[in-house]
Protein chains: 2
Amino acid sequence: MQRPQLIEVYNCLCDEKRLRIVHLLAQSPLCVCHLQDILGLTQVAASKRLAYLRQRGLVESRRHEQWMIYSLPAKRTRELDWQLRCLQDCLTTHPVFGDDLRKLKDRQSDCCWVAGVAGAALTASVRSSKSKLTSR
Amino acid sequence: MQRPQLIEVYNCLCDEKRLRIVHLLAQSPLCVCHLQDILGLTQVAASKRLAYLRQRGLVESRRHEQWMIYSLPAKRTRELDWQLRCLQDCLTTHPVFGDDLRKLKDRQSDCCWVAGVAGAALTASVRSSKSKLTSR
DNA sequence: GACCTATATGCACATGAAGGTATATTCCTG
DNA sequence: CAGGAATATACCTTCATGTGCATATAGGTC
């Protein structure tokens, strides 16, 4: 929504879970259920953290069928850009954050990841594989 | 003390006063009374924030005669370096932070600033001008 | 329309950080 | 050594924030 000033960016990133969310979204847009799954959060905890980030302009969301796809904003402030570069440089080798990336890879064939990245059309083949998601 | 990990750096910088302290110390080492003065903090508030930053490794302190001189650590982690570059790039034109720098300039002839920067010897001339500081 | 899945939000509670007061510590000066 | 200035810290109160539960909303399927 609003353009993030530096302090608000810092406020967003000073919580481990929020930082992991932004780090993941820097790789790819994701739906709530995947973030929830990768981070081991309850639905409420994931949703509230995403709302927190959205209200401060660090992430954007769009609905795609039954999923909300979260992504980093298309237009980024200089402040946010600095942080994204910093995460890229400082976190990829970190055990927890590296693990997150690995878990992300494992899920990149799932339907709502495809939906998130493709953005528009959801093919019949994807639609038929949706049952895979029902795991929690 | 300890080496600051990224989340701890963010925790330190997500408070406006702490961010202003780090921004000022990026320009020059300073004693507590100057930080207190520039930021308009009480003695306790300034001291507590500096303790917070010190415990997380973002600043170091050394005593010089009756003053504690705070400065950024000589050896900086990659995480901290990123943030210092970011502050440099994002804050200098910001009204509040720019103001701080101006106030800093005004005080650069004062005794404990000289003590902080020179570090070692405190000349007699400086010593005699100390009364300037007593303004709370 | 009934029901399911995915997601958001209001409410109540617990926890952590910030601010203030009082006090302790250290150094300096006479 | 007495007194003052600079700084730190313990204790208490207050306020913000995270968390869980219950519930609301929205889209999809049959």
Side-chain angles (χ1 to χ4, degrees), chain A residues 7-8 10-19 21 30-37 39-56 59-70 110-113 115-116 122 124 126-128 130-136, chain B residues 1 7-8 10-19 21 30-37 39-56 59-70 110-113 115-116 122 124 126-136:
Chain A
I7 292 188
E8 307 194 318
Y10 285 142
N11 263 298
C12 288
L13 301 181
C14 71
D15 170 81
E16 191 211 324
K17 299 288 168 52
R18 289 194 297 255
L19 184 55
I21 289 174
L30 284 168
C31 70
V32 180
C33 56
H34 274 165
L35 287 167
Q36 186 180 332
D37 189 18
L39 300 181
L41 292 172
T42 66
Q43 185 266 315
V44 172
S47 185
K48 283 193 178 166
R49 284 178 157 107
L50 287 165
Y52 187 105
L53 293 171
R54 181 164 30 83
Q55 283 158 11
R56 287 160 182 79
V59 307
E60 290 175 348
S61 61
R62 67 175 197 282
R63 177 174 284 280
H64 180 80
E65 302 189 348
Q66 68 264 56
W67 301 293
M68 290 296 293
I69 309 295
Y70 280 83
D110 279 6
C111 61
C112 56
W113 186 82
L122 192 63
V126 168
R127 193 175 289 260
S128 68
K130 200 188 300 177
S131 55
K132 279 201 287 182
L133 263 189
T134 51
S135 59
R136 192 171 202 278
Chain B
M1 288 293 166
I7 292 188
E8 307 194 316
Y10 285 142
N11 263 299
C12 287
L13 301 181
C14 71
D15 170 81
E16 191 210 323
K17 299 289 169 53
R18 289 194 296 255
L19 184 55
I21 289 173
L30 284 169
C31 70
V32 180
C33 56
H34 273 164
L35 288 168
Q36 185 179 334
D37 188 19
L39 300 181
L41 293 172
T42 66
Q43 185 264 318
V44 172
S47 186
K48 278 187 185 171
R49 284 182 156 103
L50 288 165
Y52 186 105
L53 294 171
R54 182 163 30 83
Q55 283 157 11
R56 287 158 183 81
V59 307
E60 290 175 347
S61 62
R62 65 175 198 284
R63 177 174 284 280
H64 181 80
E65 302 187 348
Q66 69 264 54
W67 301 291
M68 291 295 294
I69 309 296
Y70 279 83
D110 279 6
C111 59
C112 55
W113 187 83
L122 191 64
V126 168
R127 194 176 290 260
S128 68
S129 71
K130 199 187 304 178
S131 55
K132 278 200 287 183
L133 263 189
T134 51
S135 59
R136 193 168 202 268

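Each chain gets a letter, A, B and so on, in the order the sequences are listed, and its residues count up from 1.
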Shortest side-chain distance from Met68(A), nucleotide among dG20(D), dC27(C), dA8(C) | dA8(C)

Axial cation check for Tyr52(B) ring with Arg54(B), 6.0 Å and 45° limits | no

When you measure from the side chain of Gln66(B), which nucleotide among dT7(C), dT9(C), dA6(D) comes out closest?
-> dA6(D)

Gap between atoms NE2 and P, on His64(A) and dG28(D) respectively (whole Å) = 9 Å

Within the structure shown, what part of the strands sits under 4.0 Å from Val44(B) by heavy-atom distance: base, sugar-phosphate, or nothing?
-> base

Could you grab the distance from atom CG of Leu35(A) to atom CD of Gln43(A), nearest 0.5 Å is fine?
-> 12.0 Å

Distance in Å, Tyr70(A) OH paired with Cys31(A) SG, rounded so as to fall on 0.5 Å steps | 11.0 Å

Counting only side-chain N and O atoms of Tyr70(A), is one of them less than 4.0 Å from OP1 or OP2 of dA8(C)?
-> yes

Nearest-0.5 Å distance, CD1 of residue Ile21(B) to CG of residue Leu41(B) = 6.5 Å

Phosphate OP1/OP2 of dG19(C) contacted by Arg49(B) side-chain N/O (<4.0 Å) = yes

Closest to the 5' end of DNA chain D, once Arg63(A) and Asp15(A) are matched to their nearest nucleotides, is Asp15(A)

Please tell me which of the listed nucleotides, dG19(C), dT7(C), dA8(D), lies nearest to the side chain of Trp67(A)?
-> dT7(C)

Below 3.5 Å, does any donor atom in the side chain of Gln43(B) face an acceptor in the base of dA8(D), or the other way round?
-> yes

Could you check which of dA18(C), dT7(D), dT19(D) has an atom nearest any side-chain atom of Tyr52(B)?
-> dA18(C)

Of all the nucleotides listed (dA6(D), dC11(D), dT7(C)), which has the minimum atom distance to the side chain of Ser47(A)?
-> dT7(C)

So, does the side chain of Lys17(B) form a donor-acceptor pair with the base of dG19(C) at under 3.5 Å?
-> no

Out of dG20(C), dT9(C), dG18(D), which has the shortest distance to the side chain of Arg18(A)?
-> dG18(D)

